[in-house]
Amino acid sequence: MANIDRRTFLKLVGAGGVGAGAGFMLAQSIKHPVEHLIPYPVPPEEFSAGIATWYNSVCFMCPAGCGISVRTREGRPKIIQGNPAHPVSQGRLCSLGQAGVQALYNPDRLTTPLKRTGARGAGAFEPTTWDEGLATVAERLRALRANQQSDRICLLSEGVRGHLGLVFERFVEQLGSASLLHYDFAHPHTLYAANERLFGTQYLPYYDLEHAHYVLSFGADFLGAWISPVHHALGYGRSRQGRPGVRARYVQIEPRMSLSGAAADEWIAARPGTEGLLALGLAQRIVQKGHYRGADRDEWASKLSRYSAERVANDTGVPAATIERLADEFAQSRPSLAIGGSVAGGHVKGVDILIAVNVLNHLVGNVGSAGGLVLNPPPVVAPDSRRHQASYRAMRELAERARAGQIAVLVVNQTNPVFALPAAAGFSEALAAIPLIVSLSSFMDETTALADLVLPSHSYLESWGDDFPEPGVGFPVGAIAQPVVSPLYDTRATGDIILALAQRLGFAAALPWANMQECLKQGWREIYRRGAGNEGTDGFEAFWNSVLQAGVWGQAGWREARGAAVAAAVIDGLDVEEGGKPADDGHPFFLHPYLSAGLNDGRGANLPWMQELPDPLTSALYGSWVELNPATARQLGVSEGDIVDVESTHGRISAPVYVYPAIRPDVVAMPIGQGHREYGRYAQGRGVNPLQILAPEVEASTGALAWSATRVRLVPTGRRVRLLKTEGTPRELGRGIVRTTALHDIPIKVELR
Amino acid sequence: MSETDLRYADVNRDIVRSLVETGPRYYITLGCAVGVALLCFFFPWFYQLNLGIGAAGMNHPQVWGTYEAGFIFWIGLSHSGTLLSCVLHITRSSWRKAMYRSAEAMTLFSLVIAVTMVMVHLGRPWFIHWAFPYPNQMGLWPNFRSPLLFDVTAIATYLTGSSVFIYMGSIPDFAAVRDRTTGWRRHMYTLLSLGWRGTDTEWHRLGWAYTLLAVLIIPLAVSVHSIVSWDWAMSIVPALHQTIFAPYFVVGAIYSGTAGIVTVMFLLRKFMGFEKYITELHFDNLGKLLLALSLIWTYINVLELFTGWYSGASSEIEALKYKLFGYYAPLYWEMILFCAIAPLLLASKRFRTSFGPMLWLSIAINIGMYTERFLIVGTSLSRKYLPADWGLYVPSLVELSILVGSIALFSTLFLLFVKIFPSVSIYEVKETLHEPAVSPERSGAAGSAAAGGDRWQPAR
Amino acid sequence: MTAKEPARKQEEPASSLAEKWREFRRPGYYQEFDYDWTMTVDLDRCMGCEACVTACKAENNLPIVGEKGFAQGREMQWIRVERYWEGEYPNVKLRFIPMMCQHCDAAPCETVCPVTATYHNQDGLNVQVYNRCIGTRSCAVYCPYEVRYFNYYDHRWDSPLEQQLNPDVTVREKGVMEKCTFCIQRIRQAKDLAKDDGRRRVRDGEVVPACVQACPAEALVFGDRKDPDSRVSKSLSDPRGYRVLDELNTRPSVIYLKKVTV
Ligand SMILES: Nc1nc2c(c(=O)[nH]1)N[C@H]1C(S)=C(S)[C@@H](COP(=O)(O)OP(=O)(O)OC[C@H]3O[C@@H](n4cnc5c(=O)[nH]c(N)nc54)[C@H](O)[C@@H]3O)O[C@H]1N2
Ligand SMILES: Nc1nc2c(c(=O)[nH]1)N[C@H]1C(S)=C(S)[C@@H](COP(=O)(O)OP(=O)(O)OC[C@H]3O[C@@H](n4cnc5c(=O)[nH]c(N)nc54)[C@H](O)[C@@H]3O)O[C@H]1N2
Ligand code: SF4
Ligand code: SF4
Ligand code: SF4
Ligand code: SF4
Ligand code: SF4
């Protein structure tokens, strides 16, 4: 060996060290993440490794009730697609529905029952057992019941239908309480009321877009988050390009262009609140032109005479010529369909506005016919979920009762009124006066954060359930939701929690089922027994299995129901002038909060896919923004990213400006859904919640919140942020990227369906 | 030459001294360069390898950024060195002789840095060998249609060519140094000089080979930057898809390379004690060259704008507008100032022969030329065909640091070079010493004193 | 060498390389292949809901890039819905156009990739081979449709979100390019199924990419253009058909049907 002196040795060691270090760093930086193979020597019966198993079930991400097919691999749901057999979704699905897997696998799910340890709302909880949790609640309920104080018990749930609704009803009934409330921010109270007053139906009608030739929508964002977007989109697509030689025309009347407004051929920004007036203006023209052929023609003409196009034009801001043209087109392009809803129904006279819209349907004779408004039969299973839907007024009453100490136990199921009620309702303060709040939520939302006891529910993908979509599709439809995965955590199905309580309270007679699966099976046995068209099947088990497999059961065929006769006198009762009043000087803008496509009423905010879904109209995401007309922005001296304060009489929020080309200059729009204080890592501390500053104005007859009626003022703060959005420059610059062709240019000869 | 009082022995002494006598200033400079290279280049690079290209500022749709710009810049800088040396060798411009060695070294190291920039640019540099054609089990070959593969080929060839060129030209000098050093240096130079004895035959063969290589390298150098420009020009990206790009890049490359030479000459002169060898004449000539290049460069720039505008296509015009008036407009006008306007000063001989101002101008030109490359990459991709997908790219700290680090890395390599290679050619400088004294037919005569002063005649 | 030799010679690697080269050079070589997968996008049906975007993310394991990812402009959407405004208030229109890889028959991205990590396969698809990609990103520069998305990081899923990952599709590592594959895994599945059934070809409707499957307006139609009876062939005969940036001659396999205006 050569002589190595100390210096050489040190040099070699140094060089070696540097080399090894560099090599190590390089290896570290390019190495792959460690993956573990999980051996599965004895796989469960239902799957073979590598082969997908599909389960049909129901989407509970919004109240539309689409049928879903869940693709599972190795016992884990992977992808949710539409169930092709289900008449509502027909194999299609919206973004929110597809994000259901992220509700299941959400890292912020509650995994075990919790009880509060610190002060209420401080967020300190400790795990407890189901036994202890259920015992606590049962004990309290039993005591109240024994002391004749059952009316101090309230069960507040999201809207539930089907047998879970039935279980809730019976449970509350057994408790002897009358307090069963469903609360969904977007529940269309005014629409229900309008249909009931005009047609005498208790259910939402079916809008047969697919067969319509002309659709006039007053504020209803039927392609966005309104009622049943997937089904509407199916109808929309087919009405556009699904029929040889016929292409439906769409006109959208709303203050801020929604998804439906963008899809429409014509977008008309009538003055907010004057939609009813505009509808009556159209009605007047229709009758005047002799398009209405009923025997009471003259009576209609005289009742409507006040609403001449010229007069209406003035208040609505829509030119008389346009009104006349729309009326003529609407009357002549039959079957035509007028839809009223969302923003149009969110006014103090919302019901009157929607009745006025429905009058149009009556006048052109499209109620109960294909391409028009089809009245739905009652759902197959009795619970009248609609009756339980709590209006703003009902919620405020609940809050008042709570404050007065009249509520001893509040059980909250998957609804989040602390987030979705205006601050003016004082709901969260009222909760402070309730001694025991039990939440059945799967997530630590704002309401659950105030609970004393959390008994977390399964996600819908782990639960049994069923659904009878409302609105239906014109004929009775039911679908069974089945668990597609074994529960990930120590949670229970909502129905099972209630049934467990029922057992502890000794309600076995009324609620005899050990679990929801049993309850469902018995309920569906009933449907099977009653059902027409089931004769051919070989017994209930076969029927049950076939429904489980298909995921849906229905009795096809239109119900040609025309509803109650509509008398011209209805016009007398309508007050459609509200919107014509001048704006309040201090608060010159209408605030237009809208349900955003992905976040819905805020429930989607904890799903990373929904946070990452660019808003379809602005491409903004991961936050809130204030949409202003370019002229308004100029006038205020603000541009995109400038933070403005939005002040109503009931509060103030601030968010960056987005200059939106399709909004009235006197309207500012904000998406609903952000501004969560709780609700997990993806939702928390992001954006603002416009619902919080809504003025507590209600529609008189229903008590529904007039959520389109709030006036605000804007104050630039001088602060700026970069508004997060994906779009660069949303103008084509003559590059012919999205090409169009005029209707008369193309012989439509291809059938796409 | 003016330094006629110089003697062969002086040349030998001066240049050998530059190799063997190393003062603390050198070590401090080298230490700084190594330190900065480690800190600003290797450390951020490891960070980026670890994290992903996310460490840089690139995004969608701006997927290329300063690394790509740096690549082009260093490739550009590599021109002139060897290219200029070859051209001047063939045209037998004697003023080349004092500067060509370091110019060639610049080429070599710029190429090395350019290749390093490619490594830094790649998402998965550990698979870079896939871009080379080698027989393999999978039967997979690189894609010969790809301009990037043309690049690989061209740069590999250029790198080989210029290494051989610089090495070959240095053999007699290695021999000269071999004879004047002791210890390990002697061993090293013995190896490097390949047993050069300075016989007639050796001189003759060297002359032939050297000239042959020079002739071969000229088109190669031109092709390298043409091919590099095709990386961009062969795309259909507005403002990149331009037939002018090949000449544009070649001119740009020579331009920045020449400016680079001026910078290096200044530094060598100042810090290596070569005042006697690198003189006003060199700066004067280089200055004239720079002026000519700047005018051609300016012309092509105007032409580029014109063709963009004349196309009438929204995509081209928007890309132009963005470059001229968009986010990076200040940089654009800075480039115009440094590369088109300031070089007009070169029209004055007084300016050309003033060392200080020439240094500053040469640095400004290279800043401008880097800006040019940055703008070509950094603005065009932000304004492609679909306006809804337009974006903005801002380099990250990691990128800027790697940019600085790459200069340090270059300096490191250069500092090592000056201690190994005689950075001024001993034998060729000697050739110039006798120029005024000898008759025209002996004008090429020179020789290494060590090798007996044999003469060699460059091939015609 | 006798005259008979060349037939054997073609099997040798060297000449198969030459063979490949000639194939590359022959325009339209892909037309000789088995399928010609095509998608039509009916802009008169599309209403911009972005259900397709989510469907693609779910099927193809697209990463959640987070707020920071978006702030840095590093979103990942193999299909995105672009929006273009036309006119000013009140006569303002918004037009949507879903944009995914157009599977160009003359794909600029393919020519530039130095390692052939993106190439045209026997079905006329522009295929992306993640394992081969070295991350030059030049394909994204060359793609005029901006549909290529680069993995700037090794993306992570907050546990247990990783359980939603589709096992049929690989998760990409940092440094590689990715883009719409026309849901190649579904195509492969359908082909396997056809083979198991003893059929030579896949039937129309057996391959339904995730975005097509989800689209509630039924705006997207996918199928084999070679089959004259396929739905996609029929919708191709619609006179409204056009290709985006047709002037660039990339010959996309995604055909848009013009939006109808009145
Ligand atoms: N259980 C089991 N595991 C094994 C093996 C086994 O036999 N059994 N074999 C092992 C061996 S030998 C191997 S090589 C590996 C292979 O393992 P992988 O590399 O995972 O290979 P695949 O699963 O065949 O395909 C990978 C993914 O590429 C997608 N894909 C297919 N074609 C294309 C394309 O053209 N472009 C793009 N972008 N994606 C494409 C497929 O849909 C799939 O999602 O598995 C190993 N693991
Ligand atoms: N359709 C289709 N075909 C494919 C592929 C695909 O994805 N799809 N993948 C391709 C790929 S990537 C690969 S690697 C090949 C794999 O294809 P093969 O090489 O055929 O691999 P296997 O069939 O998994 O195993 C080969 C045999 O080795 C036996 N064996 C196991 N252990 C030992 C041992 O210790 N000693 C000996 N002598 N034998 C042993 C096994 O029992 C089996 O019979 O398939 C290729 N073919
Ligand atoms: S519309 Fe509602 S029910 Fe239907 S898929 Fe979407 S979220 Fe689910
Ligand atoms: S759209 Fe872009 S990525 Fe797709 S094939 Fe064409 S050029 Fe390639
Ligand atoms: S990023 Fe990958 S696929 Fe694209 S050109 Fe480079 S190596 Fe090829
Ligand atoms: S075809 Fe598949 S990969 Fe392509 S956009 Fe649609 S879902 Fe995504
Ligand atoms: S899902 Fe269909 S309608 Fe919705 S954006 Fe995509 S292509 Fe358009």
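Just so it is clear: chains get the letters A, B, ... in the order the sequence lines come, proteins before strands, and each one is counted from 1.
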| request: Kindly say whether C:Cys133 contributes a backbone atom to a donor-acceptor pair with the side chain of B:Arg124 at under 3.5 angstrom? | output: yes
| OG1/C:Thr111 to CG/B:Leu149 distance, rounded to the nearest 0.5 angstrom? | 12.0 Å
| note | Between C:Thr116 and B:Pro142 the two heavy atoms that sit nearest each other are OG1-C, 3.9 Å
| query | What parts of residues 135-148 of chain C touch chain B if we use heavy atoms and a cut-off under 4.5 Å? | reply | C:Gly135, C:Thr136, C:Arg137, C:Ser138, C:Ala140, C:Val141, C:Tyr142, C:Cys143, C:Pro144, C:Tyr145, C:Glu146, C:Arg148
| request: Name the member of B:Leu381, B:Leu51, B:Val237 that forms the most heavy-atom pairs with chain C at distances under 4.5 Å. | output: B:Leu51
| message | Between B:Pro387 and chain C, with a heavy-atom cut-off of 4.5 Å, which part of the residue counts as in contact: side chain, backbone, both or neither? | response | both
| request: Could you have a look at C:Pro108, C:Pro114, C:Gly175, C:Cys109 and say which one has the most heavy-atom pairs with chain B under 4.5 angstrom? | output: C:Pro114
| task | Please say whether more than 12 non-hydrogen atoms of neighbouring residues, nucleotides or ligands are located less than 6.0 Å from OH in B:Tyr47. | result | no
| said: How long is the straight-line distance from CG of C:Leu245 back to CG of B:Leu386, given to the nearest 0.5 Å? | reply: 5.5 Å
| task | Search all heavy atoms of B:Leu49 against all heavy atoms of C:Lys174 and return the closest pair with its distance. | result | O-NZ, 2.9 Å
| Less than 4.5 Å apart, any side-chain heavy atom of C:Val115 and any of B:Phe127? | no
| task | Give, as side chain, backbone, both or neither, the part of C:Tyr84 having an atom under 4.5 angstrom from any heavy atom of chain B. | result | side chain
| field | Max heavy-atom pair count under 4.5 Å with chain C, selected residue of B:Leu148, B:Val152, B:Asp151, B:Asp389 | value | B:Asp389
| message | As an exercise, state the distance from CG of C:Asn151 to CD1 of B:Ile53, rounded to the nearest 0.5 Å. | response | 11.5 Å
| field | Flag if over 12 foreign heavy atoms under 6.0 Å of CG, B:Leu397 | value | no
| request: Look up atom OH in C:Tyr149 and atom NE2 in B:His60, then write down how far apart they are to the nearest 0.5 Å. | output: 3.5 Å
| query | Of the non-hydrogen atoms in C:Cys113 and B:Ser146, which two are nearest, and what is the gap between them? | reply | O-CB, 3.7 Å
| Pairwise side-chain contact, C:Val112 with B:Met234, heavy-atom cut-off 4.5 Å (strictly under) | no
| request: Answer with side chain, backbone, both or neither: which region of B:Trp230 has an atom nearer than 4.5 Å to a non-hydrogen atom of chain C? | output: backbone
| request: Determine yes or no for a side-chain-to-main-chain donor-acceptor pair under 3.5 angstrom, with C:Arg83 supplying the side chain and B:Ala388 the backbone. | output: no
| Top residue by heavy-atom pair count (under 4.5 Å) with chain C, among B:Tyr393, B:Trp130, B:Trp232, B:Phe132? | B:Trp130
| Neighbourhood of chain B inside residues 56-80 of chain C, taking heavy atoms under 4.5 Å as contact | C:Gln72, C:Gly73, C:Arg74, C:Glu75, C:Arg80
| message | Tell me whether the count of non-hydrogen atoms from other residues, nucleotides or ligands lying under 6.0 Å of CZ in B:Phe43 goes above 12. | response | no
| said: Using a 6.0 Å cut-off, check whether atom OH of B:Tyr310 has over 12 heavy atoms from anything other than its own residue. | reply: no
